[in-house]
Amino acid sequence: MTLDVTWALQWVRRSAEVVAEHRVELIELDRQIGDGDHGENLHRGFTAVVSRLDGLETPPTEVGEVLKVVATTLMSTVGGAAGPLYGTAYLRAAKVTGLTELGSDAVVALLEAGLEGVVARGKATTGEKTMVDAWSPAVAAAQEAAARGDSPLEVLDAAAVAAEAGAVATDPMVATKGRASYLGERSAGHRDPGAASSALLLRAAHEAAAEGPRA
Amino acid sequence: MTLDVTWALQWVRRSAEVVAEHRVELIELDRQIGDGDHGENLHRGFTAVVSRLDGLETPPTEVGEVLKVVATTLMSTVGGAAGPLYGTAYLRAAKVTGLTELGSDAVVALLEAGLEGVVARGKATTGEKTMVDAWSPAVAAAQEAAARGDSPLEVLDAAAVAAEAGAVATDPMVATKGRASYLGERSAGHRDPGAASSALLLRAAHEAAAEGPRA
Amino acid sequence: MKKLINDPARVVDESVEGFGLAHADLVTVRTDPLYVVRAGAPIQGKVGLVSGGGSGHEPLHAGYVGLGMLDAAVPGAMFTSPTPDSIAPATLAVDGGRGVLHIVKNYTGDVLNFETAAELADAEGVEVRTVLVNDDVAVEDSLYTAGRRGVAGTLAVEKIAGAAAERGDDLAGVAAVAERVAANVRSMGVALSACTVPHAGTPSFDLTEDEIEIGIGIHGEPGRRRVPMAPADEITEQLTTPVMDDLGLGGGEQVLLLVNGMGGTPASELYVVYRRARQLLEARGVTVARSLVGNYVTSLEMQGASVTVLRLDAETTSLWDAPVRTAALRW
Amino acid sequence: MKKLINDPARVVDESVEGFGLAHADLVTVRTDPLYVVRAGAPIQGKVGLVSGGGSGHEPLHAGYVGLGMLDAAVPGAMFTSPTPDSIAPATLAVDGGRGVLHIVKNYTGDVLNFETAAELADAEGVEVRTVLVNDDVAVEDSLYTAGRRGVAGTLAVEKIAGAAAERGDDLAGVAAVAERVAANVRSMGVALSACTVPHAGTPSFDLTEDEIEIGIGIHGEPGRRRVPMAPADEITEQLTTPVMDDLGLGGGEQVLLLVNGMGGTPASELYVVYRRARQLLEARGVTVARSLVGNYVTSLEMQGASVTVLRLDAETTSLWDAPVRTAALRW
Ligand SMILES: Nc1ncnc2c1ncn2[C@@H]1O[C@H](COP(=O)(O)OP(=O)(O)O)[C@@H](O)[C@H]1O
Ligand SMILES: Nc1ncnc2c1ncn2[C@@H]1O[C@H](COP(=O)(O)OP(=O)(O)O)[C@@H](O)[C@H]1O
Ligand SMILES: [Mg+2]
Ligand SMILES: [Mg+2]
Ligand SMILES: [Mg+2]
Ligand SMILES: [Mg+2]
């Protein structure tokens with residue numbers, strides 16, 4: 001499908017689904033090196049996003065409108081570290097997508113803005129065992145894919161693949177940002193929950209595009 | 001051996017030993033239907049009795065003197081229900097034994113006084129699942145044995161056998177006195193810890209008499 | 001068993017020593033025998049108030065020694081009543097010339113040991129009156145038992161009688177107020193988990209993941225019945241309804257509602273229980289005029305709670321409100 | 001998991017509702033968004049104090065709302081920082097015209113959410129200053145981490161800054177006192193057992209019968225290291241020594257010693273820890289001038305404790321002593 005507002009809405013719904021499906025897994029990852037709430041927080045947040053979108057009187061007409069609803073709803077319902085971080089990511093992403101349909105470059109711009117949002121708030125760089133370790137390779141892969149002329153769908157796939165690899169790559173890292181950093185060396189050997197959820201959300205973006213519009 | 005002050009001292013030492021040996025078992029019985037301290041309380045008490053007797057400047061010369069030390073030390077170190085009950089039992093027993101050597105009738109009188117002490121303080125009758133259910137048959141058996149002319153040693157044996165049976169007989173009873181009574185019907189199916197410890201103490205009296213003086 | 005202790009045999013002594021150091025402005029700890037008295041005791045011209053019992057129920061009783069409450073607390077071994085030879089000296093130590101009230105939770109051991117202590121104090125010329133606290137409605141057929149247990153209602157008796165003593169009531173007067181509180185207070189408790197007495201080392205009973213014990217006391221005893229785990233609102237009903245019924249509470253009455261944690265329950269859960277208990281009282285037309293929520297009469301680290309309701313009258317309300325300065329209760 | 005709750009998703013709301021009912025003389029609970037304000041807020045002419053954070057640490061923060069301490073507390077979901085859209089309204093609700101101080105425990109989530117809330121309040125014309133509490137010495141290489149966590153030392157910052165606001169200090173003054181306390185308070189904690197967050201349903205970590213976690217925070221996170229169970233005195237040393245060292249405490253100094261229970265530890269054990277911590281301080285020539293022992297900053301039903309030491313000066317001592325009237329702290 002084309003990456004228009006229908007795609008954006010579908011991305012949100014698919015996000016809510018994957019977060020619900022992986023709620024327990026994300027809680028468990030966070031329990032290992034954090035405080036065990038990441039899956040619950042995102043689940044609460046995306047449930048709120050969906051019901052907020054469902055409740056809108058006039059349906060959004062642009063991708064950016066949808067992402068802005070996601071941003072403000074996550075900020076006001078998720079809490080913890082992930083709420084402001086994802087909230088700012090979606091807010092920045094919303095700003096660069098004042099278009100009715102996204103091409104490959106726009107997808108890259110969206111992802112870049114998201115990463116910038118996370119970094120602006122969280123001040124983390126790669127290798128600190130945070131969601132940046134999923135977003136950063138995702139952006140790089142998307143840039144490469146767009147540069148070699150891939151379709152928007154392919155760009156999203158490249159981003160998701162890279163984010164998934166990035167999440168896996170957090171396993172051996174010693175955290176130096178976020179709650180896991182309190183564990184010092186003991187944080188090694190566990191996957192960062194925020195990196196894992198980022199990979200899920202980026203995969204959801206690709207799936208929403210691949211699936212075509214739902215009934 | 002003759003039932004003189006040496007016997008009384010040996011009874012105390014043997015009591016301290018059996019209480020130490022059965023400490024965990026008595027705790028466990030009390031844990032089932034009470035608060036799990038009976039073994040610990042008696043252990044603390046008899047340890048104190050032995051060290052008090054060891055510390056006496058002039059060794060006691062009469063059975064009654066020994067029993068009075070037992071009484072006051074238990075009263076001041078055991079606490080809970082068992083402290084005052086055993087304390088009063090030994091105190092009453094001490095009074096009837098102002099003799100240098102006990103015959104069968106004196107043994108009976110000693111046990112009768114002990115039972116009276118328990119009943120005076122605790123107001124329990126048989127069948128209420130308390131130490132009275134050990135003491136009461138013990139007294140009856142001792143009376144019978146003495147009446148048929150048994151030796152003091154045999155009288156003590158009869159008392160111990162009856163106390164042991166009496167303790168076993170508390171198993172199916174529903175407690176109506178003491179802490180186990182709070183459980184109502186649920187107290188059935190467990191042995192009363194105080195009856196169990198009473199049987200141990202009476203058996204110790206017999207063993208002390210049977211053993212002969214120690215080195 | 002994992003506990004922040006050094007030696008099971010020394011835990012009471014070390015704990016009370018720490019308590020005395022932490023609250024030297026309020027209390028003095030005497031050793032050999034061990035008891036805790038209000039700083040400056042005896043207060044001349046004031047009736048003395050002494051309570052005590054097995055340890056493991058902290059802050060009861062030492063946490064309630066101070067202005068407007070107890071003059072002395074006598075800690076026994078864990079879950080074991082203290083002996084007369086610590087109760088009697090504590091009694092003598094707080095006699096200000098107007099006699100001493102013993103506040104005794106109704107357990108065979110406590111009753112017997114305080115009885116002897118009272119005789120000993122009497123022999124020394126100190127007049128002693130005793131009030132028994134027996135607020136636990138879980139013990140239903142009290143005719144056929146050792147009687148009802150004293151549980152969290154003890155706090156109310158100590159607070160209100162303490163205020164009466166502080167305002168200068170004589171021994172008969174303080175005892176009468178204490179009796180009135182004891183007659184109007186009822187409690188019932190639930191355990192979600194057992195507790196472990198240091199010297200025993202194993203939990204006081206064994207519960208599976210979906211069972212709870214209703215009608216427990218404060219010594220880790222099993223309760224009256226074991227029931228399946230249920231939502232807090234349902235459990236709270238099982239505690240509050242018998243309490244209200246036994247008190248015969250009717251519309252228009254005023255009460256104090258105490259939701260007491262057994263030691264290992266998060267405060268957040270106690271407030272969930274409080275919320276429901278209050279709804280139930282209000283549904284009967286009863287006004288909750290005073291409230292207290294927290295760990296006040298505990299069973300070591302047991303998870304669970306009890307609901308205590310005290311029927312208030314104008315005098316007991318104002319005595320409840322009177323100033324109190326103790327380690328665990330102050331206003 | 002056995003808890004006195006109805007629905008994991010409703011526990012914070014129901015608990016705070018119960019809290020508001022129990023302490024209506026001290027606080028008012030606002031809903032949608034949820035926060036707790038001091039009765040009568042805003043107090044005109046007084047700097048407002050707002051704190052908040054994930055729930056599960058009760059009595060922190062709502063238990064400290066009232067005269068001489070906080071003006072508002074903002075509870076998040078269990079162990080989850082609240083969001084700006086509850087923090088900002090709470091901030092506006094307690095502005096008495098002289099600005100508001102945010103007291104924020106140093107966690108990424110809390111910092112970010114309070115940051116946004118401060119911006120929102122600022123946009124409404126309310127001046128906001130923020131003090132970060134980061135007293136946990138367990139986080140050693142704070143340059144390479146999110147920085148030290150805020151744990152039980154938060155209580156001291158809230159109490160002392162609250163007293164400064166109550167006496168009429170301006171926002172800069174209250175913030176300066178709060179910073180001074182934050183700079184002079186250190187803590188370290190131990191867990192004997194984990195805790196279970198209602199929505200997770202499984203314990204936050206798994207410990208065997210003879211292991212403990214040293215250097216834990218207050219969110220059920222594992223600590224810095226897992227060590228074998230040891231006597232209380234040894235454990236207390238492992239907590240107190242790093243705290244004293246980090247503060248650089250020397251002979252002749254005066255401190256406040258807070259031994260804090262994590263929620264599931266019997267009071268008797270906390271006093272055993274207090275006793276040893278005090279011995280260690282006194283062995284360095286430090287005077288323990290003020291003390292507090294109890295469950296003040298908890299991790300649900302976790303068994304364990306933390307040791308907090310605050311270096312006192314004349315002003316902070318008198319602010320500590322100043323009257324306070326909250327649900328969980330009053331004198
Ligand atoms: N400074 C940061 N920069 C980027 N991501 C971060 C930062 N701090 C935390 N995170 C991410 O947030 C995730 C945790 O989110 P969550 O569990 O919802 O919040 P909290 O830690 O407050 O409980 C971590 O797994 C990590 O990916
Ligand atoms: N009223 C009573 N009369 C006789 N024996 C009693 C009475 N009450 C309790 N006991 C005995 O005391 C025993 C319990 O002793 P112990 O555990 O030391 O005291 P506590 O019940 O105070 O913990 C019971 O097993 C029972 O045999
Ligand atoms: Mg988390
Ligand atoms: Mg017992
Ligand atoms: Mg006992
Ligand atoms: Mg969190």
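Lettering of chains follows the sequences in order, A, B, ..., and the numbering in each one begins at 1. What you see below is based on every heavy atom in this structure, not just the backbone, and it leaves out hydrogens, waters and symmetry mates.
The candidate from C:Ala230, C:Pro59, C:Gly264 with the greatest count of non-hydrogen atom pairs under 4.5 Å with chain D is C:Gly264. Options D:Gly263, D:Ala22, D:Pro231, D:Ser291 differ in how many heavy-atom pairs under 4.5 Å they form with chain C, and the most are formed by D:Ala22. For the options D:Leu192, D:Leu270, D:Thr265, heavy-atom pairs under 4.5 Å to chain C are most numerous at D:Leu192. In terms of heavy-atom pairs under 4.5 Å with chain C, the best-connected choice from D:Met1, D:Glu58, D:Glu301 is D:Glu301. In terms of heavy-atom pairs under 4.5 Å with chain C, the best-connected choice from D:Glu211, D:Arg290, D:Arg276 is D:Glu211.
For chain D, the nearby part of C:Arg278 is the side chain; its heavy atoms alone come within less than 4.5 Å. When heavy atoms are compared at a cutoff of 4.5 Å, D:Gln303 approaches chain C solely by way of its side chain, counted from C-beta outward. Heavy atoms of D:Tyr274 lying under 4.5 Å from chain C belong exclusively to its side chain. Heavy atoms of C:Met78 lying under 4.5 Å from chain D belong exclusively to its side chain. Of the atoms belonging to D:Ile235, it is side-chain heavy atoms, and not backbone ones, that fall under 4.5 Å from chain C. Only the side chain of D:Val273 comes within contact range of chain C, with at least one heavy atom under 4.5 Å from a heavy atom of that chain. In this structure, chain D has a heavy atom under 4.5 Å from the side chain of C:Asn295, while its backbone stays farther away. At a 4.5 Å heavy-atom cutoff, the contact between C:Val11 and chain D is made by backbone and side-chain atoms alike.
Of all heavy-atom pairs spanning C:Pro266 and D:Leu300, the tightest one is CG-C, 3.7 Å. Pairing each heavy atom of D:Ser15 with each of C:Ser268, the nearest pair is OG-O, 2.9 Å.
Between the C:Lys2 side chain and the D:Thr208 main chain, a donor and an acceptor come within less than 3.5 Å of each other.
Each of C:His23, C:Glu14, C:Glu17 was scored for a side-chain hydrogen bond (donor to acceptor under 3.5 Å, both in side chains) with D:Tyr271, with one residue passing: C:His23.
Note: C:Met262 CE to D:Leu4 CG = 11.5 Å, rounded to the nearest 0.5 Å.
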